[in-house]
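Since the structure comes first, as structure tokens, the remarks are kept for the end.
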Amino acid sequence: MCGIVGYTGPRQASRILVEGLKRLEYRGYDSAGVAVQDHGALAVIKKKGKIAELRAAVPRDMPGTCGIGHTRWATHGGVTDANAHPHLDASGKVAIVHNGIIENYGALKEKLEKDGVRFSSETDSEVIAQLIARLYEGDLERAVKSALRHLKGTYGIAVIHADEPGRIVGARNGSPLVIGVGDGEMLLASDVTAMLAHTRQVVYLNDGEVVSMTPADFRVSDADDNPVDPKINEIAWQLDAIEKDGFSCYMEKEIFEQPESIARAFGGRLEPEYGTAKLGGLNLSRKELHAVERVRVIAAGTSWHAGLVGSWLLESVTRIPASAELASELRYRNPVVEANSLYIAASQSGETADTLYAMREIKRRGGTVLGICNVVGSTIARESDGGIYVHSGPEIAVASTKAFTSQLVAFYLLTLTLARMHDMSHHEGILFMEALKSVPEAVRKTLLLRDRIQTIAKKYARFRDFMFLGRGILHPIALEGALKLKEISYIHAEGYASGEIKHGPIALVSPEAPSVFLVPGDQLREKTISNMKEIKARGGPIIAVADEGDAEVVSIADDCIPVPKVDPRFQPFTMVVPLQLFAYFTALELGRDVDQPRNLAKSVTVE
Ligand code: F6R
């Protein structure tokens, strides 16, 4: 949520800030702004709307070589120019940008107002600027540290002062911040994508740390002013990975990248000789892995759906009980953390607050938590005991697609690893591995169905209610299909286990409410066909996704999407892709903003 970028160096800051914000726009896009130092003063430009509005408002020749910028996803205060960041203190000397939520801002604001401070926005963030200004005695870093002692809540902040040319101070508590180390210039951002065009050398700030930077140098310290030795990391992502690359939008690009991203997720991790997988980052010995008696996945949204598929697969293949739970629920239900349970925090961004806090709660109780993350160096990746990077490359579209299928791969690899320690024979391991290796090609063939899926999407785009139905390992895929459709097309869609419809949802069935059926290739196929007939008998239109050549399904469904036949355990891959395309083409048909759907933001760093 929200994006921060800061620049100090020899170049024109405003241009670098606006370009950086464009890269971060996926993190929040209701308003944006920049503040730049200029001859002992601060120039602030902020605008409601997308970065394009800001870009138009920023003069091409705006002077200044040090500044901060922000793209907002509103929490406190409506979407207005005044509530957009950066926020200035009353004297106009201090400018701050803030991600996160200041929980005690009401009390702080009241106190400051009593002291005569006049506020100009409704945000919680403005108190940070006012507080720093009041505590400033000629040393910005010190003033920031003093102010932080008064704050309760989460923050990633970047601060500049009119009297300290070239200096940016940043601090983090629960909201990511990354330092970009350039040649004679420094950057600060909430996300490496904002700085990839300028440097690959980055330092991840930890909670409780503060950075003070000038073009030539930076210093990291903790709240008590103890110096912290910074570890410089090299970013592997290429700049073209964050370009649209000829596609009309990021979501389309990311859907079509899946044959490669899936292959990347298992690349170098299969050991044919032993019929197993090699997961170097788990940080668990074979003995420790062998002792696992239960697997519990914690995640949110699409990552939770990947966790549901993963736990279904794990339990059925390894016979180790496994389940997936919503992180936002787990944290507040006083969970029992059992010895010999392995927890897995699955998160594309690695920054989702719900998942991060749930993970910390489990760790505090002595649980072992592995991370399945995409973003290298993200908080969940760093704080987990070990994990699996899924290497899907940057995912920019708000609706997650390629990260989902890569997360699935991580679960399939973990399943193979654990299964081979228990009942799975070498031969069965090889078959499982071969099935996994055939997924990229099956997905590539599925993507060739794009025109057919677009035609179906056009036919149904004006319907207002959809049901997505699947059983077994395809139940989570039904949930994911419904989520994709609602989040980018704003059409109401529900995902259900198809065996469950007769227990209530069937009341929704009518000629105006289509059902999308995922037809499994295993023993549940017959049962699913019965469910389809129940819908048909009540006049409900049916779109079926089924193995190619399934004539019976074709004869029942109004429209059928025939996908390549794979081992039924691997159907989540071939079944989710048509649903991603269906949501994408429906949103396109309805003229929606596919990459930046309303009210949403990538990387949900608030609870
Ligand atoms: C849906 C979507 C969200 C995320 C959820 C968790 O398309 O993207 O539901 O899956 O916010 O995000 P991560 O995976 O970053 O923890």
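None of the values given here were measured: they were computed from a predicted structure. Counting starts at 1 for both ligands and their atoms, in listed order.
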Are any of the side-chain nitrogens in [X] or [Y] under 4.0 Å away from the carboxylate oxygens of its partner?
X	Y	value
D385	K363	yes
R450	E252	yes
E329	R333	no

Any donor-acceptor N or O pair under 3.5 Å, side chains Q258, T405 | yes
Taking all heavy atoms of L370 and all of S384, pick out the closest pair and write down the distance.
-> C-CB, 4.0 Å
Among all residues two or more places apart in sequence or in another chain, which pass the salt bridge (Lys or Arg N to Asp or Glu O under 4.0 Å) test with K48?
-> none
Residues in contact with ligand 1, criterion: heavy atom under 4.0 Å | A300, G301, T302, S303, S347, Q348, S349, T352, V398, A399, S400, L483, K484, E487, V604
